[in-house]
Amino acid sequence: MQLNLREYEGITMDFVAELSTLISQETDLSTDIVKDFLEVPPQPELGDYALPCFKLAKTMRKAPNLIAEELAEKMQPLPDYLTEVRQTGGYLNFFINRSRFIQDEITSILHSEQEPGVSDLGKGQTILVEFSSPNIAKPFHIGHGFTTILGESLARIYDHLGYDTKRLNHLGDYGTQFGKLIVAYDRWGNEEELLREPIDELLRIYVKFHDEAEQEIDEKGVSILEKEAREAFQRLEAGAEHETQLWSRFREVSLIEFNRVYDRLGIKFDNLNGESFYSDQIPAVVEMLKEKNLLEESEGAQVVRLDEFNLPPCIILKSDGTTIYASRDIAAVLYRDKTWNFNRNIYVVGLPQQLHFKQIFAVLKKAGEPCADRCEHVGFGTVKFPDGALSTRSGKVIKLDDLFAEAVKKTRQIIETNATERGDDMSAETIDAIAEKVGLGAILYIFLKNGRERDIVFKWEEVLDFDGDTAPYLQYTYARAKSILRRANEVDATADPSTLELAAIENDTTFQLVRAMADFPEAIQNAASANEPFMIARQINLIARLFNKFYNNDSILNIEDTNLRQSRLCLCRAVCRVLKTGLNLLGIEAVEKM
RNA sequence: GGGUCCAUAGCUCAGCUGGAUAGAGCAACAGCCUUCUAAGCUGUAGGUCGCAGGUUCGAAUCCUGCUGGACUCGCCA
């Protein structure tokens, strides 16, 4: 019975596997099933792992507690990685050799060349992650924050797992809204303002357009402005000079503003093909659908019926002959399949568009395109204010940049206060750099701490609360551990764990801490398979909480025993590695001090 | 009306392939800085897991119904 403990990723997995094999030898169950049954008891006094025997009761025709009792006896003598096997009620509880576990786990974290949890699970597979996709000419507000932050985190997670990840930004640079902007700009546009504050100016005329559109109505009750806007968009799609020129200016000035945000977050897209890019590929899509006899005319529009999928029809061409977002998205899937030959193509787009994506994928499926099955919509909730959703039209928005600025400002104040108290004279540059990372981290974490399908109700006092389950807490924990490592002498801080008796640090807290770190790789994989970064957030939050407990209970530097001192420092180093990796997977940077 | 999803502590959320006393954080209250960063730690209080049935040895978790809410249902994206 040998445990392979040299590879970091698998220690717990291997342990569970060994235990499962052992149990399966004593029962009729396969190793896999046993592995599935194994769980962690609610109280540490009960054991480190447990096998509920209720399910075995039927087939073995015996009471669960008897089964557990017999198994406990049959497993004697125990392998060296177990210290005790005990029956409690209908459970068979296992106590593992904690000393050995701590020794091997910490050693492997510190010895590994790779970051914790790195794997080659996705080796050779290409995954496209479409996210952010802001609309040109509109402010980059906190609503875009969700897709941007979630998407980047997912991309990092897939990178970590060895996928060939492509970040795609499907810019909203086309559509009737540009007809509106062109009409609005021709009427009320201000050249100087467009140069000075491009998005603000475009937003101003966009809001004005909607105000005015409600006023000017013809005898049939149709808005005159809306009609003009549709016509302007038709001219744009036909390539008219004036319209195209305005459109491309709008796009240009908008990108400058978006890039500020992306640079700040360290996001680099592999591709920024917006909707406009796919516009001229739509005729081929229409032709293909026509050839396969999927296209039908309905109320003047060209649609694909999707009754067999239990979905409403998908409109491909509007009754005026212009394209619609669905047709562009279909063209995009086909283009991406040709260009990247993707294994997976995921869309980090809000939940309200769920039906839209179901329709797109269904049309592709109906058209016999195999790539349809490799597409997936990763939806998320809505960002709203306590009194309702945000709205570009009414101008009720908070720009993501402004939100960052507030968080950074508050962070800077806290750092300055603390620095004074601690007598630490940090330079203004240092403070700025830390404030930036911590302030941004606080905001990013808000979007990543819970299940993505939850709505986020935006409240300033909560957003700027840096206590508890927040990124600053995690960053603070990291900085604390780093601070200790800086204070330790060179020899202590770099001791080779394999030469130490790490078991000296063992107690309930340190064992739980080490186990939480051992579970980290699995948390990453779970996060990937559910597309839920919060699973990583929770795991590192658990690690941080346990570390802080350890920090409060046990002295690290001020102890005589060299082995104990160096061993505890090894634990600090391991925690730092895991925390930093976890934060990075969320798109958050760790700071050395704060 | 059809569809999708949601309802767990005062608030924000985990837990949901059924399993031991339902867990965190915030807020509240009580403690801990002459020792490694108090953005921290410890403790107390707080829950008929929306309601009603059902399946099961066992249900927050699965099924049905109901109530309340969100989103969506053809020419916006």
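Just so you know, these numbers come straight off a predicted model, no measurement behind them. Here is how names work: the chains are called A, B, and so on, in the same order as the sequence lines, proteins then strands, and each is numbered from 1.
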**Message:** Roughly how many Å apart are B/rC49 and B/rC6, using the C1' atom of each and rounding to a whole number?
**Reply:** 14 Å
**Prompt:** Which pairs count as ring-ring contact (aromatic ring centres under 6.0 Å, His included) when at least one residue sits in residues 467-491 of chain A, sequence neighbours excluded?
**Reply:** none
**Fill in**
Sorted by number, residues from residues 440-451 of chain A placing a heavy atom under 4.0 Å from RNA chain B are A/N450, A/G451
**Request:** Please determine if A/R515 forms a cation-pi arrangement with A/Y49, meaning its NZ or CZ atom is less than 6.0 Å from the six-membered ring centre and no more than 45° off the ring axis.
**Result:** yes
**Message:** Any heavy-atom pair between the side chains of A/H141 and A/V383 that's under 4.5 Å?
**Reply:** no
**Item:** ring pair (Phe, Tyr, Trp, His ring centres under 6.0 Å) between A/F178 and A/F250, worked out
**Value:** CA-CA 9 Å; A/F178 286 93; A/F250 295 161; 7.0 Å; no
**Message:** How many whole angstroms separate atom CG of A/N541 from atom C1' of B/rC26?
**Reply:** 13 Å
**Message:** Between B/rG58 and B/rG54, how far apart are the two C1' atoms, rounded to whole Å?
**Reply:** 15 Å
**Item:** Aromatic plane relationship, A/Y551 with A/F547 - under 30° parallel, 30 to 60° tilted, over 60° perpendicular
**Value:** tilted
**Request:** Give one of base, sugar-phosphate or nothing for A/N65, where a contact means two heavy atoms less than 4.0 Å apart.
**Result:** nothing
**Request:** Starting from the C-alpha separation in whole Å, work towards a yes-or-no answer on side chain to side chain contact (heavy atoms under 4.5 Å, CB included) for A/T411 and A/F466.
**Result:** CA-CA 9 Å; A/T411 307; A/F466 297 165; 3.4 Å; yes
**Message:** With nearest nucleotide decided by heavy atoms, which residue, A/E453 or A/G300, maps closer to the 5′ end of RNA chain B?
**Reply:** A/E453
**Message:** Counting only heavy atoms not in A/R61 (residues, nucleotides, ligands), do more than 12 fall under 6.0 Å from its CZ?
**Reply:** no
**Asked** Is any side-chain heavy atom of A/L351 closer than 4.5 Å to a side-chain heavy atom of A/T382?
**Response** no
**Prompt:** For residues 456-467 of chain A, which residue pairs qualify under side-chain hydrogen bond (donor to acceptor under 3.5 Å, both in side chains), counting only residues two or more places apart or in two chains?
**Reply:** none
**Request:** Return the nearest nucleotide to the side chain of A/F534; candidates are B/rA77, B/rA14, B/rC76.
**Result:** B/rA14
**Request:** Can you check each nucleotide of nucleotides 32-44 of chain B against protein heavy atoms at under 4.0 Å and return B for base, S for sugar-phosphate only, - for none, in 5' to 3' order?
**Result:** ---BBBSBBSS--
**Request:** May I ask you to evaluate whether A/K459 reaches the phosphate of B/rC11, defined as a side-chain N or O under 4.0 Å from OP1 or OP2?
**Result:** no
**Message:** Closer than 4.0 angstrom, basic N to acidic O: yes or no for A/E406 and A/K410?
**Reply:** no
**Prompt:** With a non-hydrogen cut-off below 4.0 angstrom, is A/Q43 in contact with a base, only sugar-phosphate, or nothing?
**Reply:** base
**Message:** Distance check needed: B/rA20 P versus A/F37 CZ, whole Å only.
**Reply:** 15 Å
**Asked** Do the rings of A/F380 and A/F146 sit parallel, tilted or perpendicular, given the 30° and 60° boundaries?
**Response** tilted
Check: protein-nucleotides 72-74 of chain B nitrogen or oxygen pairs below 3.5 Å:
residue: B/rG74; atom: O6; partner: A/E299; partner atom: OE2; Å: 3.2
residue: B/rG74; atom: N1; partner: A/S298; partner atom: OG; Å: 2.5
residue: B/rG74; atom: N2; partner: A/S298; partner atom: O; Å: 3.4
residue: B/rG74; atom: N2; partner: A/S298; partner atom: OG; Å: 3.1

**Request:** May I ask you to say what A/A488 touches in the nucleic acid, namely base, sugar-phosphate or nothing, with a heavy-atom cut-off under 4.0 Å?
**Result:** nothing
**Asked** Given atom CE of A/M535 and atom P of B/rA14, what is their separation to the nearest angstrom?
**Response** 10 Å
**Message:** What's A/P41 touching, base or sugar-phosphate or nothing? Going by heavy atoms closer than 4.0 Å.
**Reply:** base
**Request:** May I have the distance from A/K55 (atom NZ) to B/rU17 (atom C1'), rounded to whole angstrom?
**Result:** 9 Å
**Request:** Could you tell me how the ring of A/W247 sits relative to the ring of A/Y174: parallel (under 30°), tilted (30 to 60°) or perpendicular (over 60°)?
**Result:** perpendicular
**Message:** Whole angstroms only, please: what is the CD-P distance between A/Q177 and B/rC75?
**Reply:** 16 Å
**Asked** Would you say the ring centroid of A/H377 lies under 6.0 angstrom from that of A/F361?
**Response** no
**Fill in**
So the stems of RNA chain B, runs of at least three Watson-Crick or G-U pairs (under 3.5 Å), are B:1-7 with B:67-73, B:10-13 with B:23-26, B:28-32 with B:40-44, B:50-54 with B:62-66
**A/K366 to A/F309, cation-pi by 6.0 Å centre distance and 45° axis angle** = no
**A/L294 and A/V363: CA distance, side-chain angles, deciding distance, side chain to side chain contact (heavy atoms under 4.5 Å, CB included) verdict** = CA-CA 9 Å; A/L294 302 179; A/V363 169; 5.6 Å; no
**Whole angstrom value for the distance that separates P of B/rG25 from CG of A/L542** = 11 Å
**Message:** Taking 4.0 Å as the cut-off, does a side-chain nitrogen or oxygen of A/R230 come that near to OP1 or OP2 on B/rC75?
**Reply:** no
**Message:** Less than 4.0 angstrom between a side-chain N/O of A/R454 and OP1 or OP2 of B/rC6, yes or no?
**Reply:** no
